[in-house]
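Heads up: the structure comes next, in structure tokens.
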Amino acid sequence: MPSFAPSVTSSRVGEVLQITLARPERGNTIDLAFADQLASALHDVDPEVRVILLCAAGDNFCVGGDVRQFGSAERPGEFIGRLAEIFHEAVLALAESPRPTVAAVRGWAAGAGIGLAAACDIIVCGRSARFRPAYLSLGLSPDGGVTWALSRALGQARALDLLLTDGVLTAEQAHRAGLVSRIVDDAHIDAEALKIAELLARGPAAAYARTKQLVRTAAHTTLADQLQAEALAIAASAEHPEGREGVSAFIARRPADFYPRLDGNESGPQSAQEH
């Protein structure tokens, strides 16, 4: 039986789940196997995992869909629609995860690769990084959450300009626009991303989940509704063992110990999902 190298691999670094896009010889292009493996990795997360770190092997983060597969499909509309459906499961799993998510981006993030990176909470970007939609040059409209991410980061006018002209954003431009969180030298991308992930793994998991939810919904609510949501969230946080520990540690002038959990019946990620 022939053996095939996986397109996506997973490994644990303490409480951090490191998911690696492992198709470097093809620029980590997205085909059916890639999309399916990525979605599975994000859906089957161990409850003890507190942070998800998304990395990529090779010189590029992800150059988008596998155009060769597109061209060889007998029914391209049906094939690409199915591929998008599976890939979107992975994007949504990242975006809606109660755990903090960190992406390490180097080289090209093109097409759906932009949406994949933008689904993460914190994007550590190398100076070599370039962001290109690449859809219109193929006669295709965007997928992977690219229109969602670019519209929010750039605004409608600049997003349309970039998409319709198939322009390129440098790392500096993406950072100024708010599409990425941090820029570091290429040699330090993976180390910096892991450092951030490990820092987050020691933090208050349930409060992280509430904060993510508040930020994600802020653009679509009135101030009054957002204030109400914040009041409910901070009250729930104050009752949670993490909140009690954080306040006690502040008063005692000592570092807060959010992990391991103070209540043996609650783990960080599980309690974050429940609230």
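When atom types are taken as modelled, the side chain of S151 and the backbone of W148 share no donor-acceptor pair closer than 3.5 angstrom. In terms of modelled atom types and a separation under 3.5 Å, the side chain of N60 and the main chain of W108 share a donor-acceptor contact. A donor-acceptor distance shorter than 3.5 angstrom exists from the side chain of D186 to the backbone of S128, with no hydrogens or angles considered. The closest donor-acceptor contact from the side chain of R106 to the backbone of C125 lies at 3.5 Å or more, if one exists at all. Side chain of H43 to backbone of A39: a donor-acceptor contact under 3.5 angstrom is found. Between the side chain of R12 and the backbone N or O of G14, at least one donor-acceptor pair lies under 3.5 Å. In terms of modelled atom types and a separation under 3.5 Å, the side chain of D185 and the main chain of A187 share no donor-acceptor contact.
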Could you give me the CA-CA distance, side-chain angles and deciding distance for R26 and D31, then say whether salt bridge (Lys or Arg N to Asp or Glu O under 4.0 Å) is met?
-> CA-CA 10 Å; R26 297 294 304 279; D31 62 6; over 6 Å; no

Given side chain to side chain contact (heavy atoms under 4.5 Å, CB included), test R176 with Q173 step by step and report yes or no.
-> CA-CA 5 Å; R176 287 199 300 269; Q173 290 170 328; 3.5 Å; yes

Just do the side chain to side chain contact (heavy atoms under 4.5 Å, CB included) check on L94 and V91 with the steps written out, would you?
-> CA-CA 5 Å; L94 273 174; V91 171; 5.9 Å; no

Given V51 and E15, is the side chain to side chain contact (heavy atoms under 4.5 Å, CB included) satisfied, shown in steps?
-> CA-CA 7 Å; V51 180; E15 287 75 41; over 6 Å; no

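Between the side chains of Y208 and D121, not a single donor N or O lies within less than 3.5 Å of an accepting N or O. Looking at T170 and R130, their side chains never bring a donor and an acceptor atom within 3.5 Å of each other. Side chain to side chain, Q226 and T221 meet the donor-acceptor criterion of an N or O pair below 3.5 Å.
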Solution key, residues 195-204 side-chain donor-acceptor pairs under 3.5 Å, sequence neighbours excluded:
{"residue": "R202", "atom": "NH1", "partner": "E198", "partner atom": "O", "Å": "3.4"}

Name each donor-acceptor pair under 3.5 Å that joins a side chain in residues 154-166 to protein atoms two or more places apart or in another chain, with its distance.
{"residue": "T165", "atom": "OG1", "partner": "D161", "partner atom": "O", "Å": "2.6"}
{"residue": "D166", "atom": "OD1", "partner": "R132", "partner atom": "NE", "Å": "3.2"}
{"residue": "D166", "atom": "OD1", "partner": "A134", "partner atom": "N", "Å": "2.7"}
{"residue": "D166", "atom": "OD2", "partner": "R132", "partner atom": "NE", "Å": "3.0"}
{"residue": "D166", "atom": "OD2", "partner": "R132", "partner atom": "NH2", "Å": "2.6"}
{"residue": "D166", "atom": "OD2", "partner": "S137", "partner atom": "OG", "Å": "3.4"}

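Side-chain contact between Q18 and S10 is absent, with no heavy-atom pair separated by less than 4.5 Å. The shortest side-chain heavy-atom distance between I30 and D66 does not fall under the 4.5 Å cut-off. Counting heavy atoms from C-beta on, the side chains of V105 and V180 never come closer than 4.5 Å. E96 has its side chain out of reach of R216: every pair of non-hydrogen atoms, C-beta onward, lies at least 4.5 Å apart. T20 places none of its side-chain heavy atoms less than 4.5 Å from the side chain of V8. Side-chain contact check for L194 versus L53: some heavy-atom pair is nearer than 4.5 Å. Side-chain contact between R244 and H240 is absent, with no heavy atoms from C-beta onward closer than 4.5 Å. Contact check for L38 versus L42: side-chain heavy atoms found under the 4.5 Å cut-off.
Of the candidates N28, I123, I114, L116, F61 forms a side-chain contact (heavy atoms from CB on, under 4.5 Å) with just one, namely L116.
For A256 against G246, the heavy-atom pair with the smallest separation is CB-CA, 4.2 Å. Nearest approach of P133 to L150, heavy atoms of both residues: CG-CD1, 4.5 Å. Pairing each heavy atom of Y135 with each of G111, the nearest pair is OH-C, 3.2 Å. Of all heavy-atom pairs between S97 and I52, the closest is OG-CD1, 4.0 Å. Pairing each heavy atom of L17 with each of A41, the nearest pair is CD2-O, 4.2 Å. Across I189 and G126, no two heavy atoms sit closer than the pair CD1-CA, 3.4 Å.
Cluster membership for L179 and V184, using ILVMFWY side-chain heavy atoms within less than 4.5 angstrom, is not shared. Hydrophobic clustering, with ILVMFWY side chains joined whenever heavy atoms are under 4.5 angstrom apart, keeps V247 apart from I234. A single hydrophobic cluster is seen to contain both F131 and L140, as judged by linkage of ILVMFWY side chains at heavy-atom distances under 4.5 Å, directly or through other members. Taking hydrophobic clusters as Ile, Leu, Val, Met, Phe, Trp and Tyr residues chained together by side-chain heavy-atom distances below 4.5 Å, V146 shares a cluster with V67. V49 and L54 fall within a single hydrophobic cluster, where Ile, Leu, Val, Met, Phe, Trp and Tyr are joined by side-chain heavy atoms under 4.5 Å apart, directly or via other members.
We find the NZ-CZ distance between K212 and R99 to be 9.5 Å, quoted to the nearest 0.5 Å. In this structure, the separation between OG on S248 and CZ on R254 is 6.5 Å, given to the nearest 0.5 Å. To the nearest 0.5 Å, the span separating CZ on R50 from CZ on F258 amounts to 9.5 Å. Going from atom OG1 of T101 over to atom CD1 of I122 covers 8.0 Å, rounded to the nearest 0.5 Å. Separating the CD atom in Q37 from the OG atom in S7 is a distance of 4.5 Å, to the nearest 0.5 Å. Here the straight-line distance linking atom CG of L232 with atom CG of L227 works out to 11.0 Å at 0.5 Å rounding.
When the shell of 6.0 Å around CZ of R182 is examined, it contains 12 or fewer heavy atoms from other residues, nucleotides or ligands.
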